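Reading through the structure tokens given below for one structure.
In what follows, every chain begins at residue 1, and chains take the letters A, B, ... in the order their sequences are listed. Just so you know, these numbers come straight off a predicted model, no measurement behind them.
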Amino acid sequence: MCHCEDKNIYLPYLMRIAQVTQEAPGVKTFRLEFQNEEEGQKFEFKTGQFGLYSVFGEGESTFCIASSPTRKGYIECTFRESGRVTSALADKEVGDTIGFRGPYGNVFPLDAWKGKNLVFIAGGIALPPLRSVIWNCLDLRENFKDITVVYGARSVNDLVYKHELKEWEGRSDINLVCTVDPGGETPDWTGKVGFIPMVVEGLGLSAENTVAIVCGPPIMIKLTLPVLQKLGFPPENTYTTLENRMKCGLGKCGRCNTGSSYVCKDGPVYTLAQLNGLPAEY
Amino acid sequence: MAERYKLTQDALSALFEALAKDGRRILAPTDADGRTELNAVTSPDQVSKQYLQTILSAKETVFPKVERLLSYTTEGGKVDLKDAQPHALPTVLFGVRPCEAGAFKALDAVFNWDSRDKFFNARLEKLAIIGVSCTSADEACFCTSAGGGPGDTQGSDILLTPVQGGYLAEILTPRGEAIQALAPQFFQAGATEDKEAVLAKVEKAFDREALTAKLPGMFENPVWKQQSLRCIGCGACAFVCPTCVCFDIQEEADPKKGERLRLWDSCGFSLFTLHASGHNPREVQSARWRQRIYHKFAYYPERYQQYGCVGCGKCTRACPADMNLKEHLVEAAQAQ
């Protein structure tokens with residue numbers, strides 16, 4: 001049998017950087033447009049999915065699509081300079097070309113969340129994946145009941161999407177609670193001061209007809225999940241995303257698995273009930 | 001059962017010539033400085049006379065150490081991206097053992113279970129396998145515990161078994177029939193030699209399916225740590241393994257042009273799963289050793305309904321710390 005028609009699954013789209021936003025020290029957001037318009041029109045993704053972004057000459061790096069699929073014509077990614085590729089990416093400017101492969105992975109189940117209250121809890125650089133789904137839900141606002149966002153960072157300066165946080169603060173259909181770690185506040189800071197698990201515990205959240213979505217560094221997730229459990233959120237209604245290292249994004253290169261679950265194919269979105277059934281290799 | 005033919009040593013020489021005339025490269029085990037290596041040959045005389053197995057596996061024929069996935073130029077800020085075409089030669093793999101012939105199925109499962117990998121497929125499409133049964137085995141061998149056997153036909157297009165005056169030939173697939181059709185006069189029908197009598201004896205060491213059923217419940221068993229204490233994380237086991245498929249993708253570039261390459265990797269390396277933040281989900285060698293066993297004996301069967309180990313024993317022979325996979329699996333199968 002000939003499979004000569006097989007496509008090169010490792011070939012990225014060429015993307016033009018349309019906009020660069022400095023979000024926080026070392027953190028940038030790129031708005032990316034497809035260099036080939038036809039590819040751009042065909043491209044579809046759902047919230048929760050990720051891709052591999054590449055700098056030609058340096059390599060590929062994995063992160064989520066940080067924009068909402070309801071915003072057509074572009075995708076956005078937010079990244080922190082931390083390695084070879086992200087450092088090279090940070091040097092790129094408007095008009096430069098980078099590569100993108102995707103979308104990969106599973107999605108946040110927005111259909112299953114219809115008619116429910118949503119509580120998003122994000123720490124530090126983990127707001128980007130939730131920003132995609134938050135905007136997605138805000139753009140389909142009638143589908144959901146109360147929307148609450150708890151976002152924390154080490155310091156005021158480290159908060160990402162500062163303009164959007166301001167916009168959410170001004171909207172009556174979303175309840176935003178921002179917090180910074182003790183010592184990270186500024187004299188004019190009006191938000192909370194304290195670690196996310198404590199802040200969440202003090203909000204008086206009801207688990208009734210409510211879905212919780214938690215994203216953040218491992219230590220934050222580890223300490224926040226017990227709080228949600230105490231508040232009565234069942235593991236089936238508690239979601240998070242895993243961010244294991246990946247090279248292919250296609251279920252072949254063999255490094256992102258936790259147990260038999262490939263984060264790149266079966267994830268990155270998991271319920272706590274699913275995670276409880278996997279070895280803690282994440 | 002496939003019909004059995006007799007192929008004399010002279011007939012094999014003529015078959016090699018017919019294959020060369022048909023434009024096929026023949027790769028076979030050869031003796032090179034005391035090592036058995038897979039090399040291109042033109043005559044059966046060049047094939048190693050006394051070999052158990054090659055040190056490296058034959059997976060290189062479909063999954064090379066380095067594969068160019070794409071290339072590009074970046075002059076003047078403009079990226080010109082070029083798709084890469086695998087340089088796949090029509091190849092006959094001669095003399096691989098039944099264990100290794102059976103390993104291609106496991107590679108195929110990973111490369112094509114979801115999206116299709118054109119690089120692997122282009123090479124596999126042009127590959128035919130003339131396996132040779134084992135008449136000897138060593139203490140590392142455990143094919144009979146891994147679903148195979150010294151004369152197992154799975155994976156070979158033609159399987160030869162050495163008998164008095166030549167070989168017993170079993171034509172197993174359409175690709176095997178196509179090879180036979182190149183020189184049908186050399187295959188004498190009606191061979192009566194007893195295949196089973198010449199095969200090596202490999203005692204079954206453990207029950208694979210029972211081990212698979214047991215693994216989910218023994219993730220925290222101390223056996224993994226005990227076994228891995230001697231592991232130095234060198235990755236030799238993965239590099240010689242005929243089914244290990246884990247790979248890395250790296251860039252090789254200068255300021256004007258570059259290539260994206262796929263390279264062999266190993267779950268035994270500490271960098272394999274290391275996050276940019278410094279966090280490592282498999283932080284210690286015992287977790288990495290356990291991953292190796294679970295991947296092959298728990299996750300493969302669950303995902304692909306097949307195993308990621310053929311019991312060839314190459315990893316055991318290559319291990320500089322004398323880890324013996326068969327013994328470790330027996331130990332795991334017996335662990336409380």
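The distance from atom CG of A/N257 to atom CZ of B/R303, rounded to the nearest 0.5 Å, is 9.0 Å. Taking CZ of A/R101 as the reference point, atom CD1 of B/I249 lies at 5.0 Å (rounded to 0.5 Å). With rounding to the nearest 0.5 Å, the separation of CG in A/L250 from CZ in B/R116 is 13.5 Å. Considering NZ of B/K118 and CG of A/L11, their distance stands at 8.0 Å, rounded to 0.5 Å. We find the NE2-CG distance between B/H275 and A/N244 to be 4.0 Å, quoted to the nearest 0.5 Å. B/D114 CG to A/I9 CD1: the interatomic distance, rounded to the nearest 0.5 Å, is 8.5 Å.
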*Take B/D117 and A/K252 through the test salt bridge (charged side-chain N to carboxylate O under 4.0 Å, His left out) and record every step on the way to the result.*
CA-CA 9 Å; B/D117 189 289; A/K252 304 191 194 302; over 6 Å; no
*asked:* Between B/F219 and A/E281, does the side-chain contact (heavy atoms from CB on, under 4.5 Å) criterion hold? Intermediate values first, please.
replied: CA-CA 11 Å; B/F219 199 77; A/E281 289 192 332; 3.7 Å; yes
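Ring-plane geometry between B/F119 and A/Y10 is classed as tilted, the angle between the planes lying from 30 to 60 degrees on a 0 to 90 degree scale.
Considering only heavy-atom pairs separated by less than 4.5 Å from chain B, the leading option among A/Q35, A/R245, A/E243, A/E60 is A/R245. Annotation: maximal heavy-atom pairing with chain A below 4.5 Å, among B/D83, B/T74, B/N280, occurs at B/D83. Considering only heavy-atom pairs separated by less than 4.5 Å from chain A, the leading option among B/S115, B/A298, B/A253 is B/S115. Comparing A/T258, A/D266, A/I98 by heavy-atom pairs within less than 4.5 Å of chain B, the highest count is held by A/D266. Between chain B and the residues A/G251, A/S61, A/G57, A/G254, the largest count of heavy-atom pairs under 4.5 Å involves A/G57. If you tally non-hydrogen atom pairs under 4.5 Å between each of A/C256, A/C253, A/G259, A/S54 and chain B, the highest count goes to A/C253.
Applying the side-chain hydrogen bond (donor to acceptor under 3.5 Å, both in side chains) test to every pair with at least one member in residues 79-91 of chain A, sequence neighbours left out, gives these pairs: A/E58-A/R84.
The interface of residues 264-272 of chain B with chain A, defined by heavy-atom distances below 4.5 Å, comprises B/D265, B/L271, B/F272.
Heavy-atom neighbours of B/K214 NZ from other residues, nucleotides or ligands within 6.0 Å: above the threshold of 12. Within 6.0 Å of the CZ atom in B/R68, the count of heavy atoms belonging to other residues, nucleotides or ligands does not exceed 12. When the shell of 6.0 Å around CD of B/E252 is examined, it contains 12 or fewer heavy atoms from other residues, nucleotides or ligands. The neighbour count for A/Q22 CD, taken as heavy atoms of other residues, nucleotides or ligands under 6.0 Å away, is above 12.
At a 4.5 Å heavy-atom cutoff, B/D80 makes no contact with chain A through either its backbone or its side chain. Interface residue B/Q291: only side-chain heavy atoms are found under 4.5 Å from chain A. Using a 4.5 Å cut-off between heavy atoms, B/T273 touches chain A through backbone and side chain atoms alike. For a residue to count as touching a neighbouring chain, one of its non-hydrogen atoms must lie under 4.5 Å from one of that chain's; by this rule A/D96 does not touch chain B. Contacts between B/R290 and chain A at a heavy-atom distance below 4.5 Å involve the side chain alone, from C-beta outward. The contact between B/F247 and chain A is made by backbone and side chain atoms together, counting heavy-atom distances below 4.5 Å. Residue A/S261 touches chain B through its backbone alone, counting heavy-atom pairs closer than 4.5 Å.
Listed here is the closest heavy atom pair of A/Y282 and B/H279: O-NE2, 3.0 Å. In this structure, A/P12 and B/L70 approach most closely via the heavy-atom pair CD-CD2, 3.6 Å. Here the closest heavy-atom approach between residue B/Y299 and residue A/P279 is recorded as OH-CG, 4.4 Å. Here the shortest heavy-atom pairing between A/V55 and B/R260 reads O-NH2, 4.1 Å.
B/D248 places no side-chain N or O within 3.5 Å of a backbone atom of A/K247 that could act as its donor or acceptor partner.
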